[in-house]
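To keep things clear, I will list the structure first and then write my remarks on it.
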Amino acid sequence: MDFQTWRHVFKLDPNKQLDESALAALVRSGTDAFLIGGTDGVDAENTFALYARLQGCGIPVALEMSHPEHAIRGFDHYFIPTVLNAGTVDWVVGHQMRAFERYGHLFDSNNVTGQGYIVLNPEAKVAAVTGARATLTLEEVVAYAETGHHLFRLPSLYLEYSGTLGSPDVVKEVKLALPDAHVFYGGGIDGIDTARMMAEYADTIVVGNIIYDNLEGALATVQVVR
Ligand code: 1GP
């Protein structure tokens with residue numbers, strides 16, 4: 001799965017409701033892929049239920065596997081996040097080890113990608129869950145990104161501002177420092193303007209919450225990368 005070509009991704013939360021017509025509109029939107037993941041109330045059952053609705057839709061469906069129990073066979077791609085600025089070792093290398101312990105036999109290196117998360121909204125649920133040190137200087141963010149890419153050899157980095165719009169300068173500086181890393185940006189994209197702002201520097205923009213609050217606004221973000 002060549003995620004490096006993705007410019008736009010819709011992130012779907014298994015714990016949130018999405019009716020059939022909304023899902024069909026997302027499938028027709030022209031997005032490059034669906035990423036399934038979330039923080040609250042996500043379990044194997046609701047993850048599989050969402051996967052089953054998207055299976056065969058013609059667009060790659062990837063699982064962001066943040067809990068070892070959520071390993072489900074069949075996804076086109078698996079991203080295994082490691083939170084580089086997490087406050088506890090479990091979110092850097094503990095949950096991932098458990099995932100490989102139980103499900104390593106399901107993975108092959110062609111469809112599993114380690115993703116270096118940098119959590120940058122201190123108010124986000126993911127910051128609380130991972131104990132992330134989320135208030136960082138620009139230099140610190142770049143240094144975390146360099147550590148992830150150069151030291152841990154992570155091909156992909158994810159600047160995670162979940163729930164709020166981040167700084168385009170941060171995305172720009174990370175991309176300038178690491179032109180070979182694939183940089184995902186997610187957080188607060190709510191329409192064309194914010195999508196364009198972040199798509200200028202990020203390799204892939206991730207559109208999440210707005211899907212559930214303003215579907216039309218979410219759908220409009222795709223045209224920015226076309
Ligand atoms: C969340 O980065 C994604 O993990 C998208 O963020 O929900 O704020 O769009 P939003």
Side-chain angles (χ1 to χ4, degrees), residues 3 6-18 22-23 26 29 31-42 46-47 50 61-67 70 75 77-86 91 95 113-130 132 134 136 141 144-145 148 154 156-168 170-171 174-175 181-199 201-222 224-225:
F3 71 87
W6 299 351
R7 292 283 286 131
H8 181 285
V9 163
F10 280 125
K11 188 161 181 176
L12 302 180
D13 186 332
N15 194 34
K16 290 188 178 166
Q17 300 300 317
L18 203 57
L23 200 61
L26 293 170
S29 67
T31 189
D32 294 307
F34 292 109
L35 188 55
I36 295 190
T39 307
D40 261 338
V42 176
N46 54 23
T47 301
L50 184 54
V61 184
L63 178 65
E64 187 174 78
M65 222 184 89
S66 34
H67 299 279
H70 302 169
F75 280 87
H77 202 80
Y78 297 85
F79 289 101
I80 302 195
T82 174
V83 179
L84 297 169
N85 60 334
W91 289 100
H95 296 306
T113 298
Q115 195 165 50
Y117 251 69
I118 307 173
V119 172
L120 293 165
N121 174 11
E123 307 301 323
K125 180 79 191 212
V126 63
V129 168
T130 63
L136 300 173
V141 179
Y144 269 121
L154 294 164
S156 153
L157 300 167
Y158 192 127
L159 302 175
E160 173 63 292
Y161 282 91
S162 180
T164 193
L165 189 67
S167 158
V170 167
V171 188
V174 167
K175 191 62 201 173
H182 189 92
V183 176
F184 285 78
Y185 168 85
I189 293 177
D190 61 359
I192 292 175
D193 293 344
T194 47
R196 186 172 291 126
M197 184 190 295
M198 294 306 178
Y201 306 114
D203 295 300
T204 304
I205 55 169
V206 181
V207 177
N209 275 319
I210 195 69
I211 295 166
Y212 304 93
D213 298 337
N214 172 8
L215 182 65
E216 291 309 316
L219 294 169
T221 60
V222 180
V224 163
V225 298

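The figures that follow rest on heavy atoms only: side chains count, while hydrogens, waters and symmetry mates do not. Ligands are counted one by one from 1 in listed order, and the atoms in each one are counted from 1 as well.
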N or O contact, [X] vs ligand 1, cut-off under 3.5 Å:
X	value
G208	yes
I189	no
Y161	no
G163	yes
Y158	yes
Y117	no
E160	yes

> Within the distance-only criterion (no hydrogens, no angle test), does the side chain of R7 pair as donor or acceptor with the backbone N or O of V222 below 3.5 angstrom?
Replying inline: no
> Within the side chain of Y144, is there an N or O that forms a donor-acceptor pair under 3.5 Å with the backbone of L136?
Replying inline: no
> Parallel, tilted or perpendicular for F79 and F184, by the 30°/60° rule?
Replying inline: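 Because their plane-to-plane angle is over 60°, the rings of F79 and F184 count as perpendicular.
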>> Students often mix this up, so state it plainly: with edges at 30° and 60°, are the rings of F3 and H77 parallel, tilted or perpendicular?
In response: tilted
>> With heavy-atom distances below 4.0 Å as the criterion, list the atoms of ligand 1 near G188.
In response: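 That gives atoms 8 (O), 9 (O), 10 (P) of ligand 1.
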> Which ligand 1 atoms are under 4.0 Å away from a heavy-atom of S162?
Replying inline: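 Listed by number with element: 1 (C), 6 (O), 8 (O).
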> Rounded to the nearest 0.5 Å, how far does CZ of F10 lie from CG of L18?
Replying inline: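 So the CG of L18 and the CZ of F10 are separated by 10.5 Å.
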> Once you round to the nearest 0.5 Å, how far does CD1 of I205 lie from CG of L159?
Replying inline: 13.5 Å
>> Quick check on side-chain contact (heavy atoms from CB on, under 4.5 Å): which of V207, L219, T31 does L26 satisfy it with?
In response: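 Per the side-chain contact (heavy atoms from CB on, under 4.5 Å) rule, the option paired with L26 is L219, out of V207, L219, T31.
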> What residue and atom, counting heavy atoms only, is the protein's closest point to atom 7 (O) of ligand 1, and at what distance?
Replying inline: N209 N, 2.8 Å
> Looking only at non-hydrogen atoms, which of G187, P81, A218 approaches atom 6 (O) of ligand 1 most closely?
Replying inline: G187
> Checking side-chain contact (heavy atoms from CB on, under 4.5 Å) for the pair V170/Y185: CA distance, chi angles, key distance, verdict?
Replying inline: CA-CA 10 Å; V170 167; Y185 168 85; over 6 Å; no
